[in-house]
Number of protein chains: 4
Amino acid sequence: MATTPRVTVWNEFRHERTEEKIRSVYPVGIHAAIAKPLREAGLTVRTATLDEPEHGLTETVLAETDVLTWWGHAAHAEVEDRIVDRVQQRVLDGMGLVVLHSGHFSKIFRRLMGTSCGLTWREIGEKERVWVVAPSHPVAAGLGEYFEIPHTEMYGEPFDVPAPDTLVFVNWYQGGEVFRGGCAYERGRGKIFYFSPGHETLPIYYQTEVQRVILNTVRWVAPLGWPATPVPSTRIKGGHRPEPLEPVRPA
Amino acid sequence: MATTPRVTVWNEFRHERTEEKIRSVYPVGIHAAIAKPLREAGLTVRTATLDEPEHGLTETVLAETDVLTWWGHAAHAEVEDRIVDRVQQRVLDGMGLVVLHSGHFSKIFRRLMGTSCGLTWREIGEKERVWVVAPSHPVAAGLGEYFEIPHTEMYGEPFDVPAPDTLVFVNWYQGGEVFRGGCAYERGRGKIFYFSPGHETLPIYYQTEVQRVILNTVRWVAPLGWPATPVPSTRIKGGHRPEPLEPVRPA
Amino acid sequence: MATTPRVTVWNEFRHERTEEKIRSVYPVGIHAAIAKPLREAGLTVRTATLDEPEHGLTETVLAETDVLTWWGHAAHAEVEDRIVDRVQQRVLDGMGLVVLHSGHFSKIFRRLMGTSCGLTWREIGEKERVWVVAPSHPVAAGLGEYFEIPHTEMYGEPFDVPAPDTLVFVNWYQGGEVFRGGCAYERGRGKIFYFSPGHETLPIYYQTEVQRVILNTVRWVAPLGWPATPVPSTRIKGGHRPEPLEPVRPA
Amino acid sequence: MATTPRVTVWNEFRHERTEEKIRSVYPVGIHAAIAKPLREAGLTVRTATLDEPEHGLTETVLAETDVLTWWGHAAHAEVEDRIVDRVQQRVLDGMGLVVLHSGHFSKIFRRLMGTSCGLTWREIGEKERVWVVAPSHPVAAGLGEYFEIPHTEMYGEPFDVPAPDTLVFVNWYQGGEVFRGGCAYERGRGKIFYFSPGHETLPIYYQTEVQRVILNTVRWVAPLGWPATPVPSTRIKGGHRPEPLEPVRPA
């Protein structure tokens with residue numbers, strides 16, 4: 001039904017360049033680790049990073065993007081508001097968005113959710129177990145009942161997001177917390193998926209199950225069955241319709 | 001279970017003062033028409049309007065407000081962003097918010113929804129019939145299967161909002177449209193209800209069923225069972241929790 | 001991602017054989033009209049009807065069915081409970097189910113919903129307009145904001161079903177009603193879609209938009225990405241797990 | 001807004017009479033332990049048990065019941081289908097239903113859910129932590145971010161229920177599982193809440209937080225604002241409406 005989605009993998013790409021501990025895990029950037037398995041699955045993938053002009057997210061790039069994945073952490077505040085406006089509009093017009101890990105605090109995710117997107121966190125390398133609670137959802141395709149991440153950063157409730165349209169994963173942590181770690185949303189004509197695993201100092205994005213989930217999310221948020229260029233935004237924005245569709249009798 | 005909620009009825013209050021056609025329907029302002037039946041039901045009600053200092057929504061007023069109702073139309077852009085920030089934070093901390101009619105395009109509603117909140121509209125005074133599709137929801141209490149508004153402004157789909165947590169009303173219009181006219185949301189610790197009927201040139205806010213619904217919405221969004229002052233926002237915002245709740249064994 | 005789903009189109013197939021008025025519209029049965037455009041889209045389609053042994057829904061047929069579509073009207077009570085049990089189990093194990101029009105009162109739909117599935121109806125051939133309220137949902141793929149059915153049977157609220165996991169269509173009727181005419185559900189590992197248009201005396205199943213929607217529903221409910229044979233039901237049924245996944249310390 | 005709900009606390013009441021280990025925890029039955037704090041909160045409470053005529057759930061008793069709580073475990077199969085029919089109809093007509101712990105496998109809960117309601121379980125007395133994920137829901141009123149149950153029976157995912165209309169609690173278990181332990185549903189005119197804690201050999205129903213939650217659930221599922229006797233079921237069941245509400249013009 002769908003043609004192959006064109007993916008743009010966005011990354012803040014700062015601390016991989018400045019912190020040896022992080023560079024040693026993701027030597028050419030987290031975006032490279034995220035992009036590789038998507039390319040191997042046959043998707044058309046480009047990358048973009050914060051320090052490129054317009055953060056690499058020009059009108060042209062976005063017009064050629066069916067799915068955008070987002071990874072940011074330390075420099076959320078440096079993302080320009082006009083670029084956030086642009087990405088938000090594209091999502092409402094039909095572009096898919098996958099928000100990863102610390103992207104929960106990105107401007108674009110907070111903008112689209114309308115809440116603080118706050119959570120609790122802890123960084124002691126404890127064990128995480130990701131449980132599937134919506135087994136019929138495409139994002140869970142190919143998974144068993146759960147998978148484990150041996151060492152993780154804990155993300156815990158309360159997670160201040162709208163109740164997801166579909167809750168797909170709930171995480172268990174050794175230290176005693178739970179977290180709604182896989183949340184599906186529909187906004188305008190676009191789909192959004194938030195997936196919590198993945199930390200800059202841990203090799204989580206090399207783990208098979210995590211790569212499978214990210215591939216699934218990209219396929220699910222892609223505007224399946226719609227033309228590659230979504231219908232003009234005037235369609236969804238509505239507006240004045242002075243003539244009724246049916247005759248209206250005088251009162 | 002709940003104490004009586006303290007309500008602040010907010011109104012833009014511009015065109016009632018400048019347009020005779022509107023003044024004749026709402027001579028002392030739409031806020032007065034909305035506030036009256038709430039007071040008669042025993043609620044504690046104050047009003048606030050755009051042209052008051054801080055739009056009448058000072059920190060003190062909001063701290064004493066359990067439920068805020070919002071009516072705006074022509075001057076959404078004049079509401080200051082810092083006041084929108086303040087109201088949003090209060091909602092996330094537990095204050096109820098009732099958004100009425102053209103308030104769908106207010107800054108505060110768009111901020112909390114994350115979408116354009118666009119719709120189609122038509123102003124020819126056609127008939128509207130409001131159908132109850134969630135009969136067990138408190139907002140539908142006391143209503144039959146539907147009620148009618150003899151002359152209305154049409155608001156039609158597509159309505160670019162997140163799918164409501166509960167859809168309570170669906171409107172039928174003589175001219176051929178439908179509209180999700182009663183939408184319940186939960187955001188942070190706060191509840192939000194959008195209710196579409198009500199137009200500045202039509203006496204809709206004097207209609208018994210409409211007044212009953214607004215009273216129901218105020219009661220539903222009120223922080224029932226919570227202390228009058230919601231818990232501090234640090235609770236829901238989460239944060240760093242360096243110590244695990246359970247012992248974490250070395251790997 | 002998915003292989004082509006194998007579809008079984010089920011039909012009560014009674015009144016097409018006995019009532020001339022109905023035979024003239026669907027001379028070889030409603031199932032034939034539903035199956036034809038699915039075949040033309042490249043799907044593997046078989047049909048089954050009430051008066052076949054086991055209603056045509058043997059263990060073998062169901063084991064080879066990824067998606068079952070259901071049309072019944074006058075003889076719901078004649079469907080054997082053991083066959084209903086079998087279909088329900090298959091849906092919970094991952095088979096997709098598309099319930100059409102008067103199938104709202106079928107045993108299988110009522111079983112899966114847990115409610116009466118009642119509605120109001122009227123058969124005077126009035127106009128219907130089907131509005132899309134979830135434009136990003138795959139079932140709405142290729143549609144505009146709405147489509148019209150020139151002569152229809154009215155189905156109206158209150159519709160006694162659980163709130164759909166996603167509400168995709170809302171119908172407008174000339175006679176004054178609205179109806180949630182496109183409802184998506186997930187139950188166990190299976191997806192279910194209820195689509196209201198289609199009446200035995202009206203040529204609705206020959207209309208292009210209706211055929212497109214049914215094709216979309218079949219594709220959406222198909223167990224995308226899962227193996228053709230869903231995982232064994234023991235997986236989802238859970239059971240006793242005497243050994244903890246993590247060490248439990250004595251209290 | 002609401003009058004005090006009349007509650008019927010139903011219990012299977014078998015193993016408290018036959019197993020010393022259970023009798024020692026709940027000497028006069030689990031129903032007594034559940035009823036006591038409800039009475040102390042001022043509610044009107046009666047109890048009913050399996051071995052009474054009609055299981056204590058006569059037409060008269062149900063007609064005088066606003067909220068029914070359900071505890072069963074070993075004898076689900078002994079509940080007569082005609083009583084299940086009766087209770088289901090009352091829920092669809094507006095009576096609230098609170099299903100506790102092993103009641104997940106009761107006929108009435110499975111009937112109303114339409115799924116197997118299966119889960120995994122383990123009985124080694126491990127620790128449970130109940131997290132609030134919907135802080136604005138009335139069922140969470142008065143709770144903090146979480147509460148702990150020192151020794152519990154584990155109930156784990158996959159839990160084969162429809163996605164709740166609102167997910168209120170997610171449980172963490174020491175042994176490595178998570179569970180959607182607080183699930184709110186609306187069916188027909190009735191509200192249903194499933195709450196997982198509570199085991200026959202453990203004093204969980206004497207714990208303050210558990211008692212508070214059960215009180216909250218009873219208040220939430222009560223038909224707030226509706227007359228004590230819900231409207232007749234013909235209202236929600238719909239039916240034939242031969243005359244249109246609006247004039248229908250000839251085609």
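Proteins get letters first, then strands, A, B, ... in listed order; numbering begins at 1 in each.
- The greatest number of non-hydrogen atom pairs below 4.5 Å with chain B, out of A:Gln88, A:Glu177, A:Glu186, is found for A:Glu177.
- For A:Gly176 against B:Leu245, the heavy-atom pair with the smallest separation is O-CD1, 4.1 Å.
- Heavy-atom minimum distance, B:Arg122 versus A:Pro244: NH1-CA, 3.1 Å.
- Looking at residues two or more places apart in sequence or on another chain, you find no side chain to side chain donor-acceptor pair (under 3.5 Å) involving B:Trp70.
- Applying the ring-ring contact (aromatic ring centres under 6.0 Å, His included) criterion to B:Tyr26, with sequence neighbours excluded, gives B:Tyr206.
- Heavy-atom proximity under 4.5 angstrom to chain B picks out A:Arg111, A:Leu112, A:Met113, A:Gly114, A:Thr115 from residues 107-115 of chain A.
- Along residues 168-175 of chain A, the residues that come nearer than 4.5 angstrom to chain B, judged on non-hydrogen atoms, are A:Gln174, A:Gly175 in order of number.
- For chain A, the nearby part of B:Glu243 is the backbone; its heavy atoms alone come within less than 4.5 Å.
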